[in-house]
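Atoms considered below: every heavy atom in the structure, side chains included; atoms not considered: hydrogens, waters and symmetry mates. Chain naming here is simple, since letters A, B, ... match the order of the sequence lines and numbering starts at 1 in each.
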Number of protein chains: 2
Amino acid sequence: MTGRAAVSGPENYDPADYPAFAVTVDLVVLTVREHDLQVLVIRRGEAPFAGRSALPGGFVWPGEDLAEAARRELAEETGMQVVPGHLEQLASYGAPDRDPRMRVVSVAHLVFAADLPSPVAGSDAAAADWRPVSELLAHPRWLAFDHSRILADGLERARSKLEYTTLATSFCPPEFTVAQLREVYEAVWGERLDPRNFHRKVTGATGFVEPTGSTSSRAGGRPAELFRPGAASGLYPALLRPGS
Amino acid sequence: MTGRAAVSGPENYDPADYPAFAVTVDLVVLTVREHDLQVLVIRRGEAPFAGRSALPGGFVWPGEDLAEAARRELAEETGMQVVPGHLEQLASYGAPDRDPRMRVVSVAHLVFAADLPSPVAGSDAAAADWRPVSELLAHPRWLAFDHSRILADGLERARSKLEYTTLATSFCPPEFTVAQLREVYEAVWGERLDPRNFHRKVTGATGFVEPTGSTSSRAGGRPAELFRPGAASGLYPALLRPGS
DNA sequence: GCAAAAGTGTTCTTCGTACACCCATGG
DNA sequence: CCATGGGTGTACGAAGAACACTTTTGC
């Protein structure tokens with residue numbers, strides 16, 4: 001387990017001499033529900049951290065790529081289908097004592113999910129469930145391991161990605177109004193945005209949203225136009241956070 | 001080695017049942033020399049990829065954090081001291097076949113280094129040496145493993161970090177002129193910038209650079225004022241790339 | 001008509017860009 | 001003096017912020 005400690009890299013070593021790590025993937029699955037940013041957590045049944053919440057995740061298998069493992073775990077633990085929006089690698093966490101049982105390096109991934117009707121069903125995990133991000137970050141001990149840190153990093157990544165990419169549409173259903181899109185920005189950034197200026201910026205940015213022609217009816221108020229996600233992935237001009 | 005494949009995450013498993021991975025750190029060490037962005041590579045002595053260049057790196061030890069391992073490998077393989085500028089995690093690479101010998105997950109790190117007088121000395125590796133990034137990216141097979149991909153990701157990260165952070169000063173000596181700082185931007189972005197507008201933006205951004213009071217003398221031309229890195233880490237207003 | 005939400009126009013300011021121009025040194 | 005690079009002033013346009021105003025529905 002300790003290794004001969006060859007110091008010059010991958011050369012001159014015997015594989016068996018080197019420390020074995022477990023490699024896992026953890027998932028920060030974000031969605032916007034009820035004007036609030038929420039994250040998918042599961043309830044841990046066993047020690048360590050029994051009874052606490054944790055991010056979904058699990059071990060990477062021998063033949064799998066990291067992203068593949070993340071997609072598999074997402075499906076297994078939450079019943080969510082592949083590509084429920086967008087999945088990207090977030091960062092890796094490998095502090096020696098982050099798991100008391102063994103040396104684990106976890107590759108965290110970030111998923112932007114639309115608010116599906118029944119997002120957590122037919123799940124393999126005991127209980128998968130949406131929780132407000134703000135609530136979990138206010139109580140860092142509610143999450144097992146270093147998952148609070150991972151969540152914080154995922155949130156910060158999400159916040160900055162909304163500024164210069166079109167990923168906010170991943171949080172929306174296939175067709176959406178400008179107000180729904182604004183709700184995404186307001187929930188992720190935790191700030192109120194001017195509806196009038198927001199509307200102009202969104203419709204003015206090239207390839208961000210594309211009108212469908214139809215409108216959405218609602219109680220009280222003029223019906224809103226419906227949009228589809230546009231072709232662009234980068235956002236120009238960018239939508240910068242107010243408190244910059 | 002294959003595992004019982006418990007599907008519900010870190011619960012109900014026996015550690016010995018799970019696939020063992022080797023975990024390494026790889027380093028993308030960038031600097032600007034001779035008006036050109038360069039990266040530190042070592043020459044591999046042994047198979048696989050014997051004779052080819054590779055990014056410096058090596059195995060993570062049992063008691064080490066990931067960033068710690070990166071700093072140690074940097075010192076061992078290149079003789080560079082800790083914190084030669086700035087070190088941050090880049091991304092992890094874990095394709096099943098990325099190393100023909102064993103299953104390896106590599107956590108890549110990115111270092112911004114100043115152009116030191118003798119950056120590679122007393123090195124443990126056979127030969128560590130600066131190479132132009134553009135040259136290596138134009139010939140992806142010159143680098144071992146998936147290091148070309150890692151380098152490309154590191155370059156893109158560096159490019160965007162210059163836009164909205166003050167990290168460019170990490171490429172400069174402790175005291176520098178605006179022209180030297182501009183050389184960093186031009187080398188990393190591969191674009192010419194207007195010296196006059198650049199000067200105003202740099203000196204106008206809050207906390208980016210701080211005048212020392214002294215000047216630098218040079219052959220032909222008015223002496224330039226010398227600056228130190230300022231206190232800010234974020235850059236406001238941002239310095240955006242021309243071709244946006 | 002009235003409330004409510006969607007969407008447009010207008011003004012002010014900030015920032016990017018282009019480029020004319022002046023400043024301070026070495027030769 | 002003149003070549004060379006450092007640094008400032010100015011003018012125009014694009015984009016952000018604030019907010020008055022018009023539009024289109026339900027009741």
Side-chain angles (χ1 to χ4, degrees), chain A residues 35 160 162-164 166 172 175-186 189 191-228 232 234-244, chain B residues 35 160 162-164 166 172 175-186 189 191-228 232 234-244:
Chain A
H35 224 285
S160 68
L162 290 203
E163 292 192 322
Y164 56 91
T166 61
C172 296
E175 300 200 343
F176 52 88
T177 67
V178 175
Q180 283 178 282
L181 191 60
R182 179 165 47 85
E183 190 186 329
V184 169
Y185 276 90
E186 292 181 336
W189 286 350
E191 311 223 30
R192 287 309 218 175
L193 300 175
D194 185 306
R196 287 109 33 150
N197 291 333
F198 184 83
H199 184 279
R200 202 177 358 217
K201 285 197 221 178
V202 163
T203 53
T206 55
F208 191 8
V209 297
E210 180 179 311
T212 64
S214 50
T215 58
S216 131
S217 73
R218 207 187 42 273
R222 169 177 172 175
E225 288 181 54
L226 284 172
F227 294 87
R228 261 189 295 273
L235 189 51
Y236 188 81
L239 257 163
L240 298 174
R241 275 179 273 187
S244 177
Chain B
H35 225 286
S160 68
L162 290 203
E163 291 190 325
Y164 56 91
T166 60
C172 295
E175 300 200 345
F176 52 89
T177 67
V178 174
Q180 283 178 282
L181 191 60
R182 179 165 46 86
E183 189 186 330
V184 169
Y185 276 88
E186 291 182 338
W189 286 350
E191 312 222 31
R192 287 309 217 172
L193 301 176
D194 185 306
R196 289 115 18 148
N197 291 333
F198 184 82
H199 184 281
R200 203 180 353 216
K201 285 197 224 178
V202 163
T203 54
T206 56
F208 192 7
V209 297
E210 178 179 312
T212 65
S214 50
T215 59
S216 132
S217 74
R218 206 188 42 272
R222 167 176 172 177
E225 289 181 52
L226 284 171
F227 293 87
R228 262 190 293 274
L235 189 52
Y236 188 79
L239 258 164
L240 298 174
R241 278 179 272 187
S244 177

Glu186(A) (side chain) donor-acceptor with Leu193(A) (main chain) under 3.5 angstrom =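 Yes; at least one donor-acceptor contact below 3.5 Å.
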Using modelled atom types only, decide if a donor and an acceptor are shared between the side chain of Glu210(B) and the backbone of Arg228(B) within a distance under 3.5 Å.
->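 No; judged by distance alone, with no hydrogens or angles, the pair does not exist.
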Measuring from atom [atom1] of [X] to atom [atom2] of [Y], what distance do you get when rounded to the nearest 0.5 angstrom?
X: Tyr164(A); Y: Leu240(B); atom1: OH; atom2: CG; answer: 12.5 Å
X: Gln180(B); Y: Leu226(B); atom1: CD; atom2: CG; answer: 8.0 Å
X: Arg192(A); Y: Phe198(A); atom1: CZ; atom2: CZ; answer: 12.5 Å

Please state how far atom [atom1] in [X] lies from atom [atom2] in [N], giving the value in whole angstrom units.
X: Gln180(B); N: dG6(D); atom1: CD; atom2: C1'; answer: 13 Å
X: Leu235(B); N: dG16(C); atom1: CG; atom2: C1'; answer: 14 Å
X: Leu181(B); N: dG7(D); atom1: CG; atom2: C1'; answer: 15 Å
X: Glu191(A); N: dG16(D); atom1: CD; atom2: P; answer: 16 Å
X: Leu239(A); N: dA14(D); atom1: CG; atom2: P; answer: 19 Å
X: Leu226(B); N: dG6(D); atom1: CG; atom2: P; answer: 12 Å
X: Leu240(A); N: dG16(C); atom1: CG; atom2: P; answer: 11 Å
X: Arg222(A); N: dT25(D); atom1: CZ; atom2: C1'; answer: 9 Å

Taking only residues two or more places apart in sequence, or in another chain, which ones meet Arg196(B) in a side-chain hydrogen bond (donor to acceptor under 3.5 Å, both in side chains)?
->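 Once residues adjacent in sequence are excluded, the partners of Arg196(B) under the side-chain hydrogen bond (donor to acceptor under 3.5 Å, both in side chains) criterion are Asp194(B).
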Residue Pro223(B), side-chain atoms from C-beta onward, closest of dG16(C), dG7(C), dT25(C) =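 In terms of side-chain proximity for Pro223(B), the closest of dG16(C), dG7(C), dT25(C) is dT25(C).
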Nucleic acid contacts of residues 192-209 of chain A, taken as heavy-atom distances under 4.0 Å to DNA chain C |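 Within this stretch, Arg196(A), His199(A), Arg200(A) sit under 4.0 Å of the strand.
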